[in-house]
Amino acid sequence: ILNPTKPVPATVSSAAILSLEVLIDEQPVLKGTVDEAHGTDLSGTVSLALQSELDASRIQVQFYGAAMEQSPTAHSSSSNLPAAATAAETPEIVYTNSRAIWNASPTNPVLIPGAHDIRFMFKLPGNLPATESGRVQYILRVVIEGSNEKEIASLVEAVRVRRVVGTEFHLESLPLYSVDGVPGEPAGLPPSYGPEDGNFKGVHEIHDLPPDYDLKGKGKVV
């Protein structure tokens, strides 16, 4: 999970898909120390361009966070070994959550041709560690699954979580979210909190592709 540190181009196994991108509204900022920080939002749009119908079962957005932790090795008791050899670094998951932002249904059994813009949002707790190069990293992963639950397409986008400590912000103006022993699910919020609750207007917008659609443009899969 600590790799990649840069976006990974989408992998696609269907000729119906022209492009798949994820656009983050803004990188999340936690305001305050770990003990006092309030939660924040991570929101954005999954943009999917289709030249023909896509037989899919669902589209998921997954958010992961991991930190490298040092643990003693079997050789840690040897005084002849350098310090770097006395500890092993292993990734520890610090946060995980996922949202199904589109599901096939009797009224919408397939994704129709066109440009699909689908919104998503996560509520992040205030006690997350900030992104630190080589130590703490967060990623968004978008997955399109077929009717057989196999992946049709996926992509990974790095997310930078920042922490700001100071007096230039007002804690009382922010909503408070806390984790109630369940990673990724803030207390007091239903598990399905998000676009499906109607908190977004125009959650899933579909547009016709322009005649001059550029298959070789930014983020396009050819």
Quick one: list whatever passes side chain to side chain contact (heavy atoms under 4.5 Å, CB included) with [X], sequence neighbours left out.
X	value
Glu92	Glu69
Pro28	Thr40, Leu42, Leu124, Val159, Val161
Ala104	Trp102

What distance do [X] atom [atom1] and [Y] atom [atom2] have between them, rounded to the nearest 0.5 Å?
X	Y	atom1	atom2	result
Ser14	Leu20	OG	CG	11.5 Å
Arg99	Arg58	CZ	CZ	13.5 Å
Leu111	Leu48	CG	CG	6.5 Å
Leu23	Glu157	CG	CD	8.5 Å
Glu21	Thr45	CD	OG1	11.0 Å
Leu128	Leu30	CG	CG	6.0 Å

Does [X] have any side-chain hydrogen bond (donor to acceptor under 3.5 Å, both in side chains) partners at least two apart in sequence or in another chain, and if so, which?
X	answer
Arg160	none
Gln60	none
Ser47	Asp117
Thr107	Ser105

Members besides Ile206 in its Ile/Leu/Val/Met/Phe/Trp/Tyr cluster (side-chain heavy atoms under 4.5 Å): Ile112

ILVMFWY cluster membership beyond Val34 - transitive side-chain contacts under 4.5 angstrom: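 The other cluster members (ILVMFWY side chains, heavy atoms under 4.5 Å, direct or chained): none.
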
Step-by-step side chain to side chain contact (heavy atoms under 4.5 Å, CB included) determination, Val22 to Val61: CA-CA 9 Å; Val22 59; Val61 179; 5.8 Å; no

Residue pair Val142, Phe120: steps toward the side chain to side chain contact (heavy atoms under 4.5 Å, CB included) verdict: CA-CA 11 Å; Val142 179; Phe120 66 86; over 6 Å; no

Verdict with supporting geometry, Ser147 and Ser57, side-chain hydrogen bond (donor to acceptor under 3.5 Å, both in side chains): CA-CA 5 Å; Ser147 55; Ser57 61; over 6 Å; no

If every non-hydrogen atom of [X] is compared with every non-hydrogen atom of [Y], which pair is closest and at what distance?
X	Y	answer
Val136	Ala67	CG2-CB, 3.9 Å
Pro125	Tyr95	CD-CE1, 3.3 Å
Ala153	Ile17	CB-CD1, 3.7 Å

ILVMFWY cluster, Tyr138 and Val143 together (side-chain gap under 4.5 Å): no

Partner set under salt bridge (Lys or Arg N to Asp or Glu O under 4.0 Å) for Arg162, not counting sequence neighbours: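 Result, salt bridge (Lys or Arg N to Asp or Glu O under 4.0 Å) vs Arg162: none returned.
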
All salt bridge (Lys or Arg N to Asp or Glu O under 4.0 Å) counterparts of Arg141, not counting sequence neighbours: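 So Arg141 forms a salt bridge (Lys or Arg N to Asp or Glu O under 4.0 Å) with Glu151.
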
Side-chain donor or acceptor of Thr96 paired with backbone N/O of Tyr64 under 3.5 Å: no

Arg163 side chain vs Gly126 backbone, donor-acceptor pair below 3.5 Å: yes

Mutual orientation of the aromatic rings belonging to His116 and His204 [parallel < 30°, tilted 30-60°, perpendicular > 60°]: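 Geometry flag for His204 against His116: tilted rings.
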
Min side-chain heavy-atom separation Lys31-His38 under 4.5 Å: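 The answer is no, as the side chains (C-beta and beyond) never meet within the 4.5 Å cut-off.
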
Could you list the donor-acceptor pairs under 3.5 angstrom formed between side-chain atoms of residues 49-56 and any protein atom two or more places apart in sequence or on another chain?
from: Gln51; atom 1: NE2; to: Ala15; atom 2: O; distance (Å): 2.5

Asn148 atom CG, over 12 foreign heavy atoms within 6.0 Å: yes

